[in-house]
Amino acid sequence: MDLMKLNIYDPADHPEEWTPEMYQKLEQARDIVEEWWLPNRRQLDRLGGVLAMTEMSDVYYGLHKSIIDAGFYGRTIPKEYGGPGWSLLQCSLLSAEITKVGFTPRLDDAFFTGEPAVQILLKWTPDEDAKREYFKRTLDGGFCTVWATDPESGVDMGGMRGSAVRDGDHYILNGPKWWMAMCSPGPVGLQWHLALLKTDTTKRTSGLTLFILNDEEPGIIRGREGDLMGARWGCARYELLLKDVKVQKKYLASPEGKGLYALVDGMNKHMANQAFQAVGVSEAAIKLVLDYTQSTIRWDHPIIEYQGVHFPIADMWVNAEASRAITTKACKLWDEGDQEALHGKWAILAFRMAAPSALEACLKGIELMGARAIEREEGWPLELMYRDSMIFTLYRTPNIDRKFLASYLVRRRL
Ligand SMILES: Cc1cc2nc3c(=O)[nH]c(=O)nc-3n(C[C@H](O)[C@H](O)[C@H](O)COP(=O)(O)OP(=O)(O)OC[C@H]3O[C@@H](n4cnc5c(N)ncnc54)[C@H](O)[C@@H]3O)c2cc1C
């Protein structure tokens, strides 16, 4: 054990968790981050969304193309479907490190953790040919986004208006979708989507069905683009309208009426991975704070020597270690096929620990860095990490996660 080394998780110290292939992927990720992200991150963040894509198209597409070429897409696709078959834990450990290297969880999203689309195709898509086609499309560089949220129903998916009406061998999809993240045209033109709509408007959640859509499908209308506080460049996010989009029956991503179950299953797995991104944020914040407080002299002493500074740093560390422990447990249990983990219990417990801890770590870090943290460039990377991590308050939203956990605890629907 190196007693002089910072006591924060380092993959080099954990060969029991990291395979040679994972170490190699981490090296590749570091190279990509250093070549494409770090020199351009300020401009990408300032411009955001479509402006970043168009005014810095060489960088934007160069970054994504190098991720695809290095084989990052579809890491969890099983070997029998042509993928490398990484476990959730392997994928997630790498996610935490990519987040740390790039100082934002959004960068890891660009590395496409392969979820929730892979889980949905694998477990829910009825047509075997469609499943194989979209696994291949993913491995070839087809990024998948999820189009679920309807502006009028929000987290209450059963209240959605958008519909899919059967017409012979096809369905006709209509309806609005808002806040659709990362759904700009993909870097190699193979972008595809999973869209949730009602096939039975007399029902609530059991009337929802999930469909596979190609980006080039006629009838996908992109409207206003959002101007986000964080996750600005990687997440061009739109208001969309589906207008008579035709989908063959073969491209049902879930059986009729099972769309929300499929989506929740995919999201459950995804949340464990997102929790590891949050762990990466917490650990990166601790490192940054230690750098600053050890190198900054006030009243003739480095700031780290003052007792009042020890308390927030120690709290950050407690939260980061607890987050890593529960998140590792969530991933391991998922990989082992534990029934409760498959229902989402551990992923959500882990996410509810790791996500608020990450935001709190950024805030504490910002406080300890003083004025510098508030200036965009001087506060780099803490202020960006904080803004980009705000996405952790979304997904199913904290209250809905808590509602699920309370129901799980008392073993009845609340
Ligand atoms: C940057 C960004 C990217 C996004 N990406 C995507 C995407 O790719 N795909 C996609 O489908 N969606 C996406 N979304 C949408 C996101 O998932 C939704 O914003 C989220 O699900 C919440 O819906 P809402 O904002 O309509 O909140 P609302 O449904 O209006 O809820 C508001 C608040 O009320 C609380 N609440 C509601 N009902 C209850 C209740 N019964 N009990 C307790 N509390 C309750 C919620 O927890 C929430 O905190 C994105 C949003 C943003 C901002």
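Just follow the structure's listing: the first ligand is 1, and inside any ligand the first atom is 1.
- In this structure, Met180 is part of the shell of residues with a heavy atom less than 4.0 angstrom from ligand 1.
- Using modelled atom types, no side-chain atom of Gln119 and backbone atom of Asp265 make a donor-acceptor pair closer than 3.5 Å.
- Results of the ring pair (Phe, Tyr, Trp, His ring centres under 6.0 Å) test with Phe211 over Tyr251, Trp192, Tyr171 single out Tyr171 as the only residue that passes.
- Judged by a 6.0 Å distance limit and a 45° cone about the ring axis, Arg106 is not positioned over the six-membered ring of Trp233.
- Within the set Asp156, Leu414, Ile400, the minimum heavy-atom distance to atom 40 (C) of ligand 1 is found for Ile400.
- Proximity to Ile391 (heavy-atom distance under 4.0 Å) selects the following atoms of ligand 1: 1 (C), 2 (C), 3 (C).
- Ring planes of His14 and Tyr9: parallel class, angle under 30° (limits at 30 and 60°).
- Near Ala148, meaning under 4.0 Å from any of its heavy atoms, are these atoms of ligand 1: 10 (C), 11 (O).
- The nearest non-hydrogen atom to atom 43 (C) of ligand 1, considering only Asn399, Asp150, Leu394, comes from Asn399.
- Residue Val146 has at least one heavy-atom neighbour below 4.0 Å for each of these atoms of ligand 1: 7 (C), 8 (O), 9 (N), 10 (C), 11 (O).
- For the pair Arg387 and Asp45, the salt-bridge criterion is met [side-chain N within less than 4.0 Å of a carboxylate O].
- Residue contacts with ligand 1 leave out Thr145, since none of its heavy atoms falls under 4.0 Å from the ligand.
- At least one N or O atom of Thr397 sits closer than 3.5 Å to an N or O atom of ligand 1.
- Across Trp179, Tyr395, Trp147, Trp178, heavy-atom proximity to atom 6 (C) of ligand 1 is greatest for Trp179.
- A side-chain donor-acceptor contact under 3.5 Å links Thr393 to the backbone of Met390.
- Of the possible donor and acceptor atoms, none in the side chain of Asn214 sits under 3.5 Å from a partner among the backbone N and O of Glu217.
- Contact annotation for Thr149 and ligand 1: heavy atoms of both the backbone and the side chain come within less than 4.0 Å of the ligand.
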